[in-house]
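Read through the structure below, which is laid out as structure tokens, and then see the notes.
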There are 2 protein chains.
Amino acid sequence: MTKIKRDTSKKRTAILDAAQKAFMEFGYENTSMDQISELADSSKRTVYNHFPSKDELFEAVLERFFQEASELKNIPYDKQQSLESQLEKFIDAKIIVSKNQEWLGLMRVAMSVFILNPQVAEEMMDRIHKMDDHLAKWFEAAKKDKKLKFSKSDELSELFYAGVSGLFFWPVILGAKIPDKKVKSLKKTYIDNFLKVYRSH
Amino acid sequence: MTKIKRDTSKKRTAILDAAQKAFMEFGYENTSMDQISELADSSKRTVYNHFPSKDELFEAVLERFFQEASELKNIPYDKQQSLESQLEKFIDAKIIVSKNQEWLGLMRVAMSVFILNPQVAEEMMDRIHKMDDHLAKWFEAAKKDKKLKFSKSDELSELFYAGVSGLFFWPVILGAKIPDKKVKSLKKTYIDNFLKVYRSH
DNA sequence: ACAAAATTACACTGACCAGTTTACTTTTAC
DNA sequence: GTAAAAGTAAACTGGTCAGTGTAATTTTGT
């Protein structure tokens, strides 16, 4: 009665890759399951054997994507390094999406879908909050190290990320191209201002 | 040979209203011209007589919407009032969308479409930059009044609005419900921090 | 080697939808 | 009052697409 299972991860991955590429290029609504199966060198039936619906395939693509992306964001507090350079790393992690054309495309589709689907968006907000956690922990460590002074670390990370998103993430999602030079100077100003308020003296 | 023209604005408005309502509720892709014509108490043919395509109807809806919305955002510098209360007005103007369920719905659709259509998004960015102009002018006036110190007013308004968007606009677009109490305290913190850096002493 | 598991090809269902056609009725400016 | 302008009803075209059914073929673990 025990089911013999075989390794189907190759096709599965091929389908996920194809779906990611298609969604990225055409958006959710304008990508068809036929396109995806063709791109994956598979039959449509196989696609449906792996994923019960277009919806769930899309979610699986996002799942994988956010998994990969979130691995970049755990930056431990380091006494040896300046606060500036460490905060810059958090910003870089947040905006790395804009450096990779593929990620950017997928992030766009993800955002456009989230905006229209509040319930799906909620999962998204959870992810964002988990990212905030990393930063909040970093703030706590810096506080213990007597380098920062503040009351609530979660509010602080919300505040910090809000500015970063508004400056670097959303404009790029909406198609703006920010020159590296400007990114650099904005980052510096932003971090300096932040530390002017919260650094302990 | 002169064409006799009759007033068709009533039907036209009814169609725009219906389209706005439908797009708001279902998004662009999931709204059909049949739905719109039914909601407008008109025939589909009449819809097409007024607007040559679904695309152009959508743009007409947005045009009207942004026209209305942009009238709220010109706040003149006033020596008599505190910097705090005036900056708060800029924030309120930016987030007023979230107070009106209709506007919010339409803004969501607009954003989801903009994200996937870079060329349409560009028009949008122009509008945003015009809003930035009002704030930049306000900053210049405050500088002349020796209440603020900074070098570039356009960079400063970008910085200011980035945080506001990241804190209040995008989360709401993505479905977050921020309690009034939290909005209030975040606004205060945000403005205080800003003034800690840029107020002249 | 072989049987179960996985995959394929492809036709098919049922639905939706942008935009058009046509023949008709209603409205309104003069 | 009338003729042109505006609007209507409903069927139609041509297309797309999510998801299914099926019978056949290929793969693979043992």
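Here is how names work: the chains are called A, B, and so on, in the same order as the sequence lines, proteins then strands, and each is numbered from 1.
Using a 30° and 60° split on the angle between ring planes, B:Trp103 and B:Phe65 fall in the perpendicular class, above 60°. Ring pair B:Tyr198/B:Phe194 is tilted by interplanar angle, where 30° to 60° counts as tilted.
One can place CD of B:Glu38 at 13 Å from P of D:dT8, the figure rounded to the nearest angstrom. Counting to the nearest Å, the P atom of D:dG19 and the CD atom of A:Gln35 are 15 Å from each other. Rounded to whole Å, atom C1' of C:dT28 lies 11 Å from atom CG of B:Asp7. A straight line from CG of A:Asn49 to C1' of D:dG21 spans 12 Å, rounded to a whole angstrom. For the pair A:Phe51 CZ and D:dT20 P, the interatomic distance rounds to 15 Å; values are reported in whole Å. Atom C1' of nucleotide C:dA9 and atom CG of A:Asp41 are separated by 14 Å, given to the nearest angstrom.
Taking five base pairs at each end of the helix from C:dA1-D:dT30 to C:dC30-D:dG1, the local helix axes there meet at an angle of 30°, rounded to 10°.
Classification of A:Lys188 and A:Asp192 as a salt-bridged pair holds, one side-chain N sitting under 4.0 Å from a carboxylate O.
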For nucleotides 23-27 of chain D, give me every protein contact, N/O to N/O, under 3.5 Å, one pair per line with atom names.
{"unit_1": "D:dT27", "atom_1": "O2", "unit_2": "A:Arg6", "atom_2": "NH1", "d": "3.4"}
{"unit_1": "D:dT27", "atom_1": "O2", "unit_2": "A:Arg6", "atom_2": "NH2", "d": "2.3"}

Using nucleotides 18-20 of chain C, report all nitrogen or oxygen pairs with the protein that are shorter than 3.5 Å.
{"unit_1": "C:dA18", "atom_1": "OP1", "unit_2": "B:Thr31", "atom_2": "O", "d": "3.2"}
{"unit_1": "C:dA18", "atom_1": "OP1", "unit_2": "B:Lys54", "atom_2": "NZ", "d": "3.0"}
{"unit_1": "C:dA18", "atom_1": "OP2", "unit_2": "B:Met33", "atom_2": "N", "d": "2.8"}
{"unit_1": "C:dG19", "atom_1": "OP2", "unit_2": "B:Tyr48", "atom_2": "OH", "d": "3.2"}
{"unit_1": "C:dG19", "atom_1": "OP2", "unit_2": "B:Lys54", "atom_2": "N", "d": "3.0"}
{"unit_1": "C:dG19", "atom_1": "N7", "unit_2": "B:Lys44", "atom_2": "NZ", "d": "2.7"}
{"unit_1": "C:dG19", "atom_1": "O6", "unit_2": "B:Lys44", "atom_2": "NZ", "d": "2.8"}

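Here B:Asn30 lies out of heavy-atom contact (under 4.0 Å) with every strand.
For the pair B:Lys94 and B:Tyr161, the distance from NZ or CZ to the six-membered ring centre is under 6.0 Å and the angle to the ring normal is within 45 degrees.
Under the 6.0 Å cut-off for aromatic ring centres, A:Phe160 and A:Tyr190 qualify, their centroids lying closer than that.
Partners of B:Glu29 according to the salt bridge (Lys or Arg N to Asp or Glu O under 4.0 Å) rule, which considers only residues two or more places apart in sequence or in another chain, do not exist here.
Screening residues 49-61 of chain A for side chain to side chain donor-acceptor pair (under 3.5 Å) gives A:Tyr28-A:Asp55, A:Arg45-A:Asn49 as the qualifying pairs, with residues at least two apart or on separate chains.
The minimum heavy-atom distance between A:Glu158 and B:Leu167, with the atom names listed, is O-CD2, 4.1 Å.
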Acceptor/donor pairs from residues 15-25 of chain B side chains to any protein atom, 3.5 angstrom cut, sequence neighbours excluded:
{"unit_1": "B:Asp17", "atom_1": "OD1", "unit_2": "B:Arg64", "atom_2": "NH1", "d": "3.0"}
{"unit_1": "B:Asp17", "atom_1": "OD1", "unit_2": "B:Arg64", "atom_2": "NH2", "d": "3.0"}
{"unit_1": "B:Gln20", "atom_1": "OE1", "unit_2": "B:Arg64", "atom_2": "NH2", "d": "3.0"}

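Here A:Thr46 reaches the OP1 or OP2 of C:dT8: one of its side-chain N or O atoms lies under 4.0 Å away. Applying the 4.0 Å criterion to OP1 and OP2 of D:dA6, one finds that B:His50 has every side-chain N and O outside that range.
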- request: Report the C-alpha distance between B:Val113 and B:Leu62 in whole Å, list the side-chain angles of each, state the deciding distance to 0.1 Å, and finish with yes or no for side-chain contact (heavy atoms from CB on, under 4.5 Å).
  value: CA-CA 11 Å; B:Val113 171; B:Leu62 292 189; 5.9 Å; no
message: Go through it in stages, so that I can follow the logic: the residues are A:Asp7 and A:Ser9, the test is side-chain hydrogen bond (donor to acceptor under 3.5 Å, both in side chains), and I'd like the CA-CA distance, side-chain angles, deciding distance and then a yes or no.
response: CA-CA 6 Å; A:Asp7 179 27; A:Ser9 62; 2.8 Å; yes
